[in-house]
**Q** 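Attaching a single structure in structure tokens format; questions to follow.
Below, chains carry the letters A, B, ... as their sequence lines are ordered, and counting in each starts from 1. Heavy-atom basis, side chains included; hydrogens, waters and symmetry copies ignored.
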Protein chains: 2
Amino acid sequence: MSTPAAVVNVGADLFAEAVEDQAVPVTRVDWRPPMEGTEADLAAVAADPLRRTANERALAAMLDVTATLVDVAPASEVLGLQRGEFLHAGPPIAWERTSGPLRGALMGGAALEGLVDDPEAAVPLFESGTGVSLEPCHHRSAVGPMAGVVTPSMWMFVLEDQATGRRTYCSLNEGLGKVLRYGAYAPEVLTRLRWMGDVLGPLLRAAVRSRIDGGAGPVDVTGILTQMLQMGDEAHNRNRAGTLMLLRDLSPAMVLCSEEAGFDGADVAEALRFIGGNDHFFLNLAMPACKLALDAARGIEGSTMVVAMARNGTDFGIQVAGTGDEWFTGPAQLADGLFLGDYGPDDANPDIGDSAITETAGIGGFAMATAPAIVRFVGGSVPDALATTRRMHEITLGENPRWSVPVLEFQGTPTGIDVSKVCRTGILPQINTGMAGKVAGVGQVGAGLVTPPAEIFPQALSRLAALAAARTPS
Amino acid sequence: MSTPAAVVNVGADLFAEAVEDQAVPVTRVDWRPPMEGTEADLAAVAADPLRRTANERALAAMLDVTATLVDVAPASEVLGLQRGEFLHAGPPIAWERTSGPLRGALMGGAALEGLVDDPEAAVPLFESGTGVSLEPCHHRSAVGPMAGVVTPSMWMFVLEDQATGRRTYCSLNEGLGKVLRYGAYAPEVLTRLRWMGDVLGPLLRAAVRSRIDGGAGPVDVTGILTQMLQMGDEAHNRNRAGTLMLLRDLSPAMVLCSEEAGFDGADVAEALRFIGGNDHFFLNLAMPACKLALDAARGIEGSTMVVAMARNGTDFGIQVAGTGDEWFTGPAQLADGLFLGDYGPDDANPDIGDSAITETAGIGGFAMATAPAIVRFVGGSVPDALATTRRMHEITLGENPRWSVPVLEFQGTPTGIDVSKVCRTGILPQINTGMAGKVAGVGQVGAGLVTPPAEIFPQALSRLAALAAARTPS
């Protein structure tokens, strides 16, 4: 066939990409209008003399972080969490506005802490607010998947940026189905959590410390993320290879340290089986690794880069490098996806969890091209998965050279969501997510694809524009 | 842009595929001539009334096999290998014609067995042939990577097809670099092999048996292959995910059985580290799993399906379902690829090893589309890797529905190489491979891409034609 000299392509689609792959010159024509009403703010932010450098600094700071697993310890110890204090996913929320799965997780957490005997008895406690308080994980350098409830007795992964000593935290992953983070609180949920507190947490602590004491060093979480992105994981809803690499890195130390830590072979074997049987176990390391990277970009004046996306099951909130700790929130959306068993769309709660920190850092939904098998879990098609990663490059500041996508010829994942680019293109960040049942106690009902509510980006842009204006001498 | 109504495309290339992905009708025009001199044999084989059904049976028999790991045991025990008997990769060969890496491995094997103290002293032994004999692994239901040397004291994985009880065997993988299978025989090579015989083999045997006795059953090797093909492995030169899944499946049993088997925590930890530190460990399970499947198709009269491709470092041989145990051989080729350290093309031995059994079964080079990161190990480009899997569909009888490639929208891997199709299209099977140093003792020098010598396919076709003619009443 004859090779066309040039092709004009409107919008981003796979055909354009395919033609580019054949080295035919392609002119992209982007016809998308900016989000309604954002023109003036876009112009103001574009004119901010700090913006370009601030964004370069924000992106560089984030890419510079390497996360290592340095300890495993109870939340009471490392977060200073007191009896009656509950952390949760997403932006701040009061009990009255909480969704079913967050309520269910809080009720189960209250029972786990012995505040009540029966999770159902916790409702009046939270209604009265006596002796209990709610606070976002993000406000304590932590992240929690789904409901993200953390109580003082829960054991946390402790991640550290070796260059700065900064730390982030996340609970241990319970598995899928009927688990606390999806709002389930049946007796078996609490039994599992107690075993995690009595055996899994202490054994992992002993193993992590034994690795460090023995000279093998802390587990290189960023390194595992790099590898797993070449092994079909996108590190949000596929964490299979990551989980297996964690097991590889910890199992020798688990064997060697178990006796001294007071555990026998049966405990070690059960812990190995539990981790190996839970493909999502590594998610709870991927998330704090992403937060550790993004936190390095917080508080950079003039930067339009998103540093957190998080949902509490009612509200979806973002925080931006240039706007401090302020949350810009809107209603959490319903995911579109695949359902477990007989569950359907009517059973699902709106989007919930801090796990969108993965997309914020350029993996998860942003890296679906490297994990096409995920469409069997969250829905969509393989071409969609490839197109999604390509599309996310349109709203990000750069690429992460460490996290490369082999099938896209080792291009780095799209990294650093730019509020300006989102508003200018109308392209929303693509998140893939588990779906919790909307009724407290149910647990997981499916998994799917979702975006933030569009309006939070113009909100953030407006604040950025106001801050830029305030800085400009009149 | 306007959508073209139709595109005519000559030959197979990525652009055609990309256009097809956009649902534009494509007419493929294959201009490739048949291999020279094969026209009459192609016609004779095409007219063989047994051919179609025989190939359907061969493919179905192969796809029907599931491989499980049922035991680990010394070759003396499970292969009846006696002192002085050496197995090797590829078709039969006498010492005089052996290449450097096969010589090196035989010399090291002789020292391992105590036939000589120093590997160098083994040369006269093999030259005289007194008390030593060489035989292909394939003749004992076994396969061996690279030199493929097996001696009586080496421990073997024992794989079984649960439906029929048929078994195949493969040694334990030593890792990369200076290892016996690449022709190295330095003291550290033999020390490692002795540890594998004293600790690793017996510990794995105890774990495999303990799983079976405990009700967890044998390790599902075919199931791991299915998963790893969705995790960036093609199961020839990438076996990372496969190795980690094996570790996941065996580590709890290794912990639980170790004391009874006479090993302590340090032994278990060392074994876990050894396996976890060797991304190629699972190759030695992938290979016998492929042989187990392909052996089911041996001896089917009229079938033109290849049931083995194997190289001894001098000759490349194939066996075909319809031609019994006959080898069709030609000179092994030099691979084109990437070299370790300062090594270059002049240091490499021609193609060696039974590991092309993976390509024969539809994985390895045939599944490179699912493992694009492999181009960093064997060379080539990502589009090449995708195109290779597509191209192999042109010379295969079908697809393996169990082994699907997510990025090709879950298409099964191209499976069952058809001698007729190879001769008719001139497309040679694509193999990816490690490269051994051509001098005995050196070890691995690189990895790359290679094909069989073209002439062995017309040889096999000619025999198939003769057999068909002999069956036809004149």
**Q** Against chain A, work out which of B:Ala269, B:Ala371, B:Ala385 has the most heavy-atom pairs shorter than 4.5 Å and name it.
**A**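 It is B:Ala269.
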
**Q** Only heavy atoms, only distances under 4.5 angstrom. Which residues in residues 243-265 of chain A are near chain B?
**A**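 Counting heavy atoms that sit under 4.5 Å from chain B, the residues of residues 243-265 of chain A involved are A:Leu244, A:Met245, A:Leu247, A:Arg248, A:Ser251, A:Pro252, A:Val255, A:Leu256, A:Gly265.
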
**Q** For the interface with chain A, which of B:Ala373, B:Ser404, B:Gly232 has the highest count of heavy-atom pairs at distances below 4.5 Å?
**A** B:Ala373

**Q** Give, as side chain, backbone, both or neither, the part of B:Val375 having an atom under 4.5 angstrom from any heavy atom of chain A.
**A**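 For B:Val375, side-chain heavy atoms alone lie under 4.5 Å from chain A.
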
**Q** So which residue, A:Ile374, A:Asp233, A:Leu272, ends up with the most heavy-atom pairs under 4.5 Å with chain B?
**A**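 Greatest number of close heavy-atom pairs with chain B: A:Leu272.
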
**Q** Taking heavy atoms only and a threshold strictly under 4.5 Å, list by residue number the residues of residues 207-230 of chain A that touch chain B; give 'none' if the list is empty.
**A**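 A:Gln227, A:Gln230 fall under the 4.5 Å cut-off.
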
**Q** So which residues of residues 273-281 of chain A are in contact with chain B at a heavy-atom cut-off of under 4.5 Å?
**A** A:Arg273, A:Gly276

**Q** Using every non-hydrogen atom in the two residues, find where B:Met231 and A:Ala241 come nearest and quote the distance to one decimal.
**A** CE-N, 3.6 Å

**Q** Apply side chain to side chain contact (heavy atoms under 4.5 Å, CB included) to B:Pro372 and list each qualifying residue two or more places apart in sequence or on a separate chain.
**A**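 Once residues adjacent in sequence are excluded, the partners of B:Pro372 under the side chain to side chain contact (heavy atoms under 4.5 Å, CB included) criterion are A:Pro406, A:Val407, B:Val382.
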
